[in-house]
Amino acid sequence: MVRKLISISTAVAVTMGCSMHAAADTTPEDAADYRVAIMTTLRGHIGASSMTVRGLVEDRGQLVNHAQGLANSAMELGNIFPEGSNVGESEALPLIWEEPEEFAAAIVKVQDASLEFVEAAENGDAEVIGGAFRNLGMACRGCHDRFRVAHD
Ligand code: HEC
């Protein structure tokens, strides 16, 4: 299963270059707004997942849905950083386009972690779910710490 997950992520990383050319008609402002919209879906799903994982709300089967939502949005990450789209209020650092391989690796990491979280949520073992959730959170943070404007 792990090998399957890795090959899916590799395929996404390989198609990333083509997708960026396809976005040539999108204005930088729209690209930045779309990126924030995708990140906001990630925030919603991760917040709801966190409350479920911590047992603050009962898991009525929604955890799998949130995990799938996270994985779906994570699969879009390779398309939402066209060069030159760090305009206006954007907190995307130029390093994203200066270190494209490292940035692509950060995307693959979160994609793999999100797929593992889906698998854990489907399996239902609390310890495995907790571990997969923490890994996913670290993958988000790993990219933010390096490629996003620092927050206090
Ligand atoms: C590969 C890098 C990368 C990964 C992985 C990543 N992010 Fe982000 N995220 C960014 C960057 C860069 C920005 C700043 C975007 C901008 O302002 O143009 C951002 C912005 C955000 C924002 C702020 C949106 C706003 O209102 O301005 C949230 C919330 C967010 N990310 C959540 C997440 C979550 C949750 C995950 C993990 C599931 C995640 N991100 C994974 C790079 C990443």
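Just so you know, ligand 1 is whichever comes first in the structure, and atom 1 is the first atom listed for that ligand. Position 1 is the first residue of the sequence; numbering continues from there.
Summary of contacts: the protein heavy atom closest to atom 17 (O) of ligand 1 is Glu91 N, 2.7 Å. Distance from atom 18 (O) of ligand 1 to its nearest protein heavy atom, with residue and atom name: Ser90 OG, 2.6 Å. What sits closest to atom 15 (C) of ligand 1 on the protein, heavy atoms only, is Arg35 NE, 3.6 Å.
Using a 30° and 60° split on the angle between ring planes, Phe81 and Phe103 fall in the perpendicular class, above 60°.
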Candidate pair Met39 and Leu77, rule side-chain contact (heavy atoms from CB on, under 4.5 Å), full reasoning = CA-CA 9 Å; Met39 291 293 173; Leu77 289 177; 3.7 Å; yes

Take Glu99 and Arg146 through the test salt bridge (charged side-chain N to carboxylate O under 4.0 Å, His left out) and record every step on the way to the result.
-> CA-CA 11 Å; Glu99 300 287 347; Arg146 182 115 175 94; 5.2 Å; no

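The atoms of ligand 1 that sit less than 4.0 Å from any heavy atom of Ile107 are 1 (C). For ligand 1 and Phe81, the ligand atoms under 4.0 Å from any heavy atom of the residue are 12 (C), 42 (C). In the vicinity of Val36, heavy-atom distances shorter than 4.0 Å reach the ligand 1 atoms 25 (C), 26 (O), 27 (O). Against a heavy-atom cut-off of under 4.0 Å, Phe147 is close to the following atoms of ligand 1: 12 (C).
At a cut-off of 2.8 Å, measuring from atom 8 (Fe) of ligand 1, the protein N, O or S atoms that fall short of it are Met39 SD, His144 NE2, waters left aside.
Heavy atoms from other residues, nucleotides or ligands lying under 6.0 Å from CD of Glu98 number more than 12.
The main-chain N or O of Ala48 is found under 3.5 Å from a side-chain atom of Thr52 such that the two form a donor-acceptor pair. A donor-acceptor pair under 3.5 Å is formed between the side chain of Arg35 and the backbone N or O of Ser85. Here the side chain of Gln111 pairs a donor or acceptor atom with the backbone of Ala74 at under 3.5 angstrom.
Pairing each heavy atom of Asn86 with each of Leu93, the nearest pair is ND2-C, 4.5 Å. Taking all atoms of both residues into account, the shortest heavy-atom contact from Gln62 to Val57 is NE2-CG2, 4.1 Å.
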